[in-house]
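A short write-up of the structure that comes next.
All of these numbers come straight from a predicted model, not from anything done at the bench. First listed ligand is number 1; within each ligand, the first listed atom is number 1.
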Amino acid sequence: MIDEPVTDPSDARATPGAYVIAIDGPAGSGKSTVARTVAARLELAYLDTGAMYRGVAFAALRRGIDPADQEPVARLAARVELSVEEGVVTVDGVDASIEVRGPEVTRAVSSVAANPDVRSELVARQRRWVAERGGGVVEGRDIGTVVFPLARLKVFLTASHEARSDRRAKEVTDLSYDTVAADIARRDHADSTRVSDPLQAAADAVVIDTTGLAIDEVVAAVLGHLDGLSPPGSAP
Ligand code: DC
């Protein structure tokens, strides 16, 4: 059964031949750096799915659409041209790499990510992206639970609220620690309590608490869990 050809890349069951490493976790858990580094080490493509949700939020703000207004945002998500490659986020031909990380988009993105129609559109795009590349390291909130339930390895990164706030405050130098910590608490709550695909670890995910760990140590732990599993290019 696992050797069946991929016929519909938007179907989760169509990905068994793809070598997917799913990395999920809350904001500031170290997901992006770890996922990027693991992808480089394994020579796999890397996809930041949070940047896709941010891209839709950016497109909504740019058109004056209220990010919480479900129907127009869903319609927008279905037609927006979105590309996330090597850290460059392009939305309808505009390089939005800086704006998608800004406070306006960060405030708006939780309601966009809670929109079930936006989620199903972006999940389909994520599956297509991976099918076209034959695999990849994919980071987000629902990658192991919803997008790639058949991923070769599922990792769920956690860290204390203080450690995560500390990391984000160092990245976003123009905001105070307290502002960043409050934003992380707000987004944690929104991401974990939303009805559509809330943030949670897959039952078969490897959970790594990154509090007090250096990036290299987390990467080594992830790669350690891959040892003994079959290498890229082979069937799962
Ligand atoms: O990882 P990030 O902070 O860039 O994610 C931005 C938002 O998108 C955040 O509120 C969580 C949401 N998100 C999601 O719901 N599902 C994903 N697969 C990735 C991100």
Side-chain angles (χ1 to χ4, degrees), residues 12 15 20-36 46-61 67-68 70 73-74 77 80 82 84 87-89 91 96-130 136-149 151 154-159 161 164-165 167-172 175 179-202 205 210:
T15 57
V20 176
I21 297 175
I23 302 194
D24 290 302
S29 57
K31 280 191 315 289
S32 299
T33 317
V34 169
R36 214 179 308 112
Y46 157 64
L47 179 61
D48 170 5
T49 62
M52 298 175 76
Y53 288 93
R54 288 171 179 273
V56 175
F58 170 81
L61 292 171
Q70 292 214 355
V73 176
V80 69
L82 206 55
V84 179
V88 178
V89 182
V91 182
S97 312
I98 306 234
E99 288 90 338
V100 293
R101 303 282 158 211
E104 243 197 308
V105 169
T106 299
R107 259 194 310 276
V109 71
S110 296
S111 38
V112 169
N115 185 325
D117 294 330
V118 172
R119 299 202 70 81
S120 54
E121 169 65 28
L122 294 191
V123 165
R125 292 191 191 206
Q126 289 153 20
R127 290 177 183 154
R128 271 200 301 274
W129 190 96
V130 163
V137 179
V138 186
E139 67 144 294
R141 302 290 192 289
D142 59 342
I143 309 305
T145 48
V146 175
V147 190
F148 295 110
K154 300 176 189 177
V155 177
F156 192 87
L157 300 182
T158 63
H161 180 252
R164 294 189 292 118
S165 306
R167 287 176 191 155
R168 269 292 147 97
K170 283 187 184 122
E171 283 167 21
V172 203
L175 296 177
T179 307
V180 171
D183 175 61
I184 284 197
R186 178 188 64 75
R187 285 207 290 146
D188 279 357
H189 181 74
D191 292 341
S192 316
T193 56
R194 69 171 177 236
V195 177
S196 298
D197 312 334
L199 170 68
Q200 58 182 347
T210 69

Once you restrict to heavy atoms under 4.0 Å, what part of [X] touches ligand 1? Side chain, backbone, both or neither.
{"X": "Arg194", "value": "side chain"}
{"X": "Arg101", "value": "side chain"}
{"X": "Met52", "value": "neither"}

Shortest protein contact, [atom] (heavy atom only):
{"atom": "atom 19 (C) of ligand 1", "result": "Thr49 OG1, 3.4 Å"}
{"atom": "atom 6 (C) of ligand 1", "result": "Arg54 NE, 3.7 Å"}
{"atom": "atom 8 (O) of ligand 1", "result": "Tyr53 CB, 3.7 Å"}
{"atom": "atom 1 (O) of ligand 1", "result": "Arg141 NH1, 2.8 Å"}
{"atom": "atom 20 (C) of ligand 1", "result": "Gly50 CA, 3.5 Å"}
{"atom": "atom 12 (C) of ligand 1", "result": "Ala113 CB, 3.7 Å"}
{"atom": "atom 10 (O) of ligand 1", "result": "Asp191 OD1, 3.2 Å"}
{"atom": "atom 16 (N) of ligand 1", "result": "Arg119 NH2, 3.0 Å"}

Salt bridge or not for Arg36 and Asp48, using N-O below 4.0 Å?
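Result for this pair is no, no salt bridge flagged.
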Once you round to the nearest 0.5 Å, how far does [atom1] of [X] lie from [atom2] of [Y]?
{"X": "Leu122", "Y": "Leu82", "atom1": "CG", "atom2": "CG", "result": "6.5 Å"}
{"X": "Leu199", "Y": "Thr193", "atom1": "CG", "atom2": "OG1", "result": "10.5 Å"}
{"X": "Met52", "Y": "Arg119", "atom1": "CE", "atom2": "CZ", "result": "11.0 Å"}

Where Val80 and Ala59 come nearest, the two heavy atoms and their spacing
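Residues Val80 and Ala59, closest heavy atoms: CG2-CB, 3.9 Å.
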Has the side chain of Lys154 got a donor or acceptor atom that lies under 3.5 Å from a matching backbone atom of Pro149?
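Yes, because the side chain of Lys154 sits within donor-acceptor range (under 3.5 Å) of the backbone of Pro149.
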Looking only at distances, can you tell me whether any N or O atom of Asp48, backbone or side chain, sits closer than 3.5 Å to an N or O atom of ligand 1?
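So ligand 1 has no N or O lying under 3.5 Å from an N or O of Asp48.
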Please determine whether the number of non-hydrogen atoms from other residues, nucleotides or ligands lying under 6.0 Å from atom NE2 of His161 exceeds 12.
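Enclosed: over 12 neighbouring heavy atoms sit under 6.0 Å from NE2 of His161.
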Show the atoms of ligand 1 that are less than 4.0 angstrom away from any heavy atom in Arg187.
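The atoms of ligand 1 under 4.0 Å from a heavy atom of Arg187 are 3 (O), 6 (C), 9 (C), 10 (O).
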Decide yes or no on side-chain contact (heavy atoms from CB on, under 4.5 Å) for Arg194 and Arg141, but give the supporting numbers first.
CA-CA 12 Å; Arg194 69 171 177 236; Arg141 302 290 192 289; 4.1 Å; yes
So, Thr145 and Gln200: side-chain donor and acceptor under 3.5 Å apart, yes or no?
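Side-chain D/A pair, Thr145 to Gln200: absent.
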